[in-house]
Amino acid sequence: TALPICVVKRQRDNDAQLHTDQQMYSCGSLAPKMKAAAARRAGCMDSTFRKAAQPWQEADGCVHLLAELARLPLARQDVLDLLTMLAHACDAKQYQQHLSFLESVWKELPRIATGVGKRNFKRYLDFYFPSLFYSLDCSIPLTRVAASDCLAAFKTMLGENILRGRIEQYDPKMLEKIA
């Protein structure tokens with residue numbers, strides 16, 4: 001009697017003869033795995049390969065670090081001192097990945113605001129409006145949603161009336177964005 005394919009497969013899964021001295025393949029491709037990768041310092045399996053980080057990637061990491069530091073009472077003043085610089089970094093749009101950077105900022109800014117406290121953060125809120133509203137109209141859905149979620153978090157944290165008043169001072173036409 002013939003065995004079902006799954007039974008035959010299971011019986012052969014641990015067959016050493018089938019898996020010994022066979023060609024190995026690289027992860028995610030059908031290209032043979034490079035055995036001399038360590039000697040040539042090449043290939044995806046070379047753990048020593050490292051591409052230099054772009055400045056925006058380093059800044060992106062700093063945003064996540066700020067969010068963590070904002071939770072620590074001892075670091076709160078240092079985080080507050082960096083909020084203006086972060087807002088200025090959001091204004092830089094001359095590089096291709098700026099929308100990815102903005103996405104990270106909008107995801108972390110509510111955590112930063114919570115960490116430093118509502119009263120402290122309100123002093124810096126207006127600095128973020130130009131980039132925040134720019135992100136709400138961008139072509140990248142992840143950045144758009146992150147900006148929208150950030151506004152919603154501010155609405156909850158600060159209260160709708162306070163947020164509306166601050167946006168109205170900035171640009172009354174932008175009030176429709178928080179509706």
Side-chain angles (χ1 to χ4, degrees), residues 26-29 44-179:
S26 184
C27 59
S29 75
C44 67
M45 298 304 289
D46 179 13
S47 62
T48 62
F49 174 76
R50 181 166 178 185
K51 182 181 165 191
Q54 298 292 314
W56 77 268
Q57 292 170 316
E58 291 176 351
D60 190 82
C62 289
V63 171
H64 297 289
L65 179 60
L66 272 180
E68 292 301 318
L69 289 174
R71 297 172 47 202
L72 305 174
L74 289 174
R76 195 164 291 145
Q77 187 56 51
D78 293 322
V79 172
L80 286 169
D81 293 342
L82 294 169
L83 286 178
T84 303
M85 191 181 300
L86 178 60
H88 289 305
C90 292
D91 293 336
K93 296 172 180 64
Q94 72 273 16
Y95 58 99
Q96 189 174 1
Q97 297 295 330
H98 71 279
L99 291 172
S100 295
F101 173 71
L102 290 174
E103 176 188 345
S104 293
V105 171
W106 307 141
K107 286 180 176 179
E108 295 293 3
L109 199 57
R111 286 182 53 208
I112 294 170
T114 301
V116 298
K118 175 170 71 170
R119 184 176 181 193
N120 288 325
F121 183 75
K122 283 194 314 186
R123 291 182 284 169
Y124 301 93
L125 179 63
D126 298 358
F127 298 134
Y128 291 93
F129 283 157
S131 297
L132 188 58
F133 290 117
Y134 166 83
S135 297
L136 287 171
D137 290 330
C138 79
S139 62
I140 306 298
L142 290 172
T143 304
R144 233 182 9 249
V145 169
S148 179
D149 289 349
C150 183
L151 263 178
F154 289 158
K155 190 177 186 180
T156 301
M157 178 184 182
L158 304 172
E160 184 174 0
N161 290 335
I162 291 173
L163 183 61
R164 290 181 71 79
R166 298 297 283 274
I167 292 172
E168 191 170 28
Q169 285 178 339
Y170 167 70
D171 184 353
K173 292 181 283 187
M174 296 299 154
L175 281 173
E176 67 188 40
K177 305 275 184 190
I178 64 163

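By convention here, the first residue in the shown sequence is residue 1.
Looking at R144, its side chain never comes within 3.5 Å of a backbone N or O of L136 through a donor-acceptor pair. Under a 3.5 Å cut-off, the side chain of H98 and the backbone N or O of Y95 do form a donor-acceptor pair. Side-chain N or O atoms of D60 include none that pairs as donor or acceptor with a backbone N or O of W56 at under 3.5 Å.
The shortest non-hydrogen separation linking K93 to S131 is NZ-OG, 3.4 Å. The two residues T143 and W106 come nearest to each other via the heavy atoms O-CD1, 4.1 Å. Residues N120 and L80 approach most closely at CB-CD2, 3.7 Å, considering heavy atoms. The nearest pair of heavy atoms linking P110 to F154 is CA-CE2, 4.2 Å. Residues S135 and L102 approach most closely at OG-CD1, 3.5 Å, considering heavy atoms. Considering every non-hydrogen atom in both G117 and M157, the closest pair reads C-CE, 4.1 Å.
Side-chain contact between L151 and K155: absent, with no pair of heavy atoms (C-beta onward) separated by less than 4.5 Å. Using a 4.5 Å cut-off on side-chain heavy atoms (C-beta onward), V79 and L72 make no contact. Counting only heavy atoms from C-beta outward, the side chains of L82 and L69 never approach each other to under 4.5 Å. For the pair L86/F127, no side-chain contact is recorded, criterion being any heavy-atom separation below 4.5 Å from C-beta on. D171 is not listed as a side-chain neighbour of F133, based on a closest heavy-atom distance of 4.5 Å or more.
Applying the salt bridge (charged side-chain N to carboxylate O under 4.0 Å, His left out) test to pairs two or more places apart or on separate chains, those with a residue in residues 95-117 are E68-R111, E103-K107, E108-R111. Note on residues 115-133: pairs passing salt bridge (charged side-chain N to carboxylate O under 4.0 Å, His left out), not counting sequence neighbours, are D126-R166.
For Y124, the ring-ring contact (aromatic ring centres under 6.0 Å, His included) criterion is met by no residue, not counting sequence neighbours.
Here the CD1 atom belonging to I112 is positioned 12.5 Å from the CZ atom belonging to R71, to the nearest 0.5 angstrom. Separating the CG atom in L132 from the CD1 atom in I167 is a distance of 7.5 Å, to the nearest 0.5 Å. Atom CD of Q57 sits about 12.0 Å away from atom SG of C62, to the nearest 0.5 Å. Distance CG/L83 to NE2/H88: 11.0 Å, rounded to 0.5 Å. Distance check, rounded to the nearest 0.5 Å: CZ of F121 to OG1 of T114 gives 9.0 Å.
Heavy-atom contacts from other residues, nucleotides or ligands closer than 6.0 Å to CD of Q96 number 12 or fewer.
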